[in-house]
Asker: 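Take this structure first; my questions come after.
Whatever order the structure lists them in is the order used to number ligands and atoms, beginning at 1. Residues: numbered from 1 along the sequence shown. What you see is a predicted model; the values in this text were computed from it and never measured. Values below: every heavy atom of this structure, side chains too, minus hydrogens, waters and symmetry copies.
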Amino acid sequence: MADNIINSISYESTGDLFVDAGGMALEYLSKQFTDKTVMDLIEWASIVYVKKWGKLNAVFHGSPITHPTTKHEDRIPKTLKRFDEILGKKTDKGFCRFCGKEAYLTDAGRDKSCLVGSGAFVNFHHAHEDGLMICPDCVIKYFFLPFALLQMGNLALLQVTTEKGKQFWMKKTVQKNFNKISRNTSETMLKSEFNNPQNAIFRLAAELINEFPKDDLKENLTLYYFTNFAASIDCQIYSIPQPIFLFMSRTLKSCAKQWYDFVNRHYHISGSKWNEEKGGWIKKNEQMTENEYLNNPNDVFNSLLDGKSIIKKLRDFYKSIVQNQKLKYDSRIAIYYAQEVLNMTNEQIGLIRKIGNKIFDMMQQENNFKKYMVMLEGASRAYQLRTALIKIIKKNYNSGTFEPIVTLEEWVNYLFPDGQYWGEVRDLLLIFLYEKLHENKINADFGDEDDVKEPEEINEEA
Ligand SMILES: [Zn+2]
């Protein structure tokens, strides 16, 4: 029988997310049962797996816990015997592939770990071992992995980088499991309401941000959506890198309602229509609830995950606010996005706003909004935007205004700096102009952008 090694196990991160998640669960459980040995805890977990949950094939492939040829009553004794052997092993000394610790190693195939080569695929391993050679501590931690997972169709595991992120995931999975097991209401691994991992990671990010409203978390989220099941083994990875997380964090803390107004209209829902008045989806004359569409594809989420800019979507959203005049106009989402994700400096954003204000003053003086808006909205090439701006600058100069719209230095250093996509400057400029239109209750319906005139033609009329 193995000694109680529970106190000697290190819970330092190994870099392997599965081992670390299992370790997080083991650490939590060891604090709940301070009088239990490591074998007691393994037995406790085995009882949960076999007697309460069953169906852990997506985690452990071919282990006594799941193997179809192992009789139900043999599953727990066989598992315990196996761990006894692993902990008592005195051969194969070496360094663990996960944590680097020197120990008597065990081959961890798919029966003990996820997504590794084993059986016929031993060519994955250095010396054609039957699996990754890992230390007993890591085998034990791996065994507790199911407590840290969510069922989402496939399994979901969130990798976080901060201590608060870890606390969040532990509370959401391990602690919740433990509470349910204690109340005898746990019948299966925890199930998420999501089966769409792309949408799920944004919900998890929002929950994490809301959990720590006073903290400015510099988090980096990665969702592993995987299965270790038989022949259908698979893994998809979705990431919210730090800039997008910071953007979401600032947005949710200061303009959450506007964020959801923006995001919700970008679902794809067949047979239904977005209703601007009600700010919701209507199907067969009934307003849909969020639960009915939260797994539908969402263009905002998918663009953010694909690293594509959402500034054009924001621009269209803000324009719809001006046309509708019902929602509050709050350009902070666009500003946060420009700062955190598009890497615009405050000087550049301030300059774009200043130019927008001056163009708006010109529009008011001429009492002609359409002419300038169509010119800027219609700029679909970089040269068209530059031409439009230069014509506006020239007109301002000819009108005898003392202050220039933009100085040469500002133009060169801040307006179009190297590495900045010109279209982002155009879209932010329009967002600031729409804000002025909204403040002054001027309708922004200037006709379809598809049939706007070329900027050159418009200017000749001016
Ligand atoms: Zn190890």
Asker: Just to be sure I understand the site: which N, O or S atoms from the protein are less than 2.8 Å away from the Zn ion (ligand 1)?
Answerer: Cys96 SG, Cys99 SG, Cys135 SG, Cys138 SG
Asker: Checking Trp169 now: which residues fulfil ring-ring contact (aromatic ring centres under 6.0 Å, His included) with it, not counting sequence neighbours?
Answerer: none
Asker: For Ser63 and Arg82, which I'm curious about, is there any donor-acceptor pair between the side chains at under 3.5 Å?
Answerer: no
Asker: Take atom NZ in Lys176; do more than 12 heavy atoms of anything else shown fall under 6.0 Å from it?
Answerer: no
Asker: The criterion is salt bridge (Lys or Arg N to Asp or Glu O under 4.0 Å); which residues satisfy it with Lys313, sequence neighbours excluded?
Answerer: none
Asker: List in chain and number order the residues that pass salt bridge (Lys or Arg N to Asp or Glu O under 4.0 Å) with Asp216, two or more places apart in sequence or in another chain; answer none if no residue qualifies.
Answerer: Lys253
Asker: Is there a salt bridge (Lys or Arg N to Asp or Glu O under 4.0 Å) between Lys180 and Glu187? Walk through the geometry before answering.
Answerer: CA-CA 9 Å; Lys180 286 186 81 171; Glu187 293 173 351; over 6 Å; no
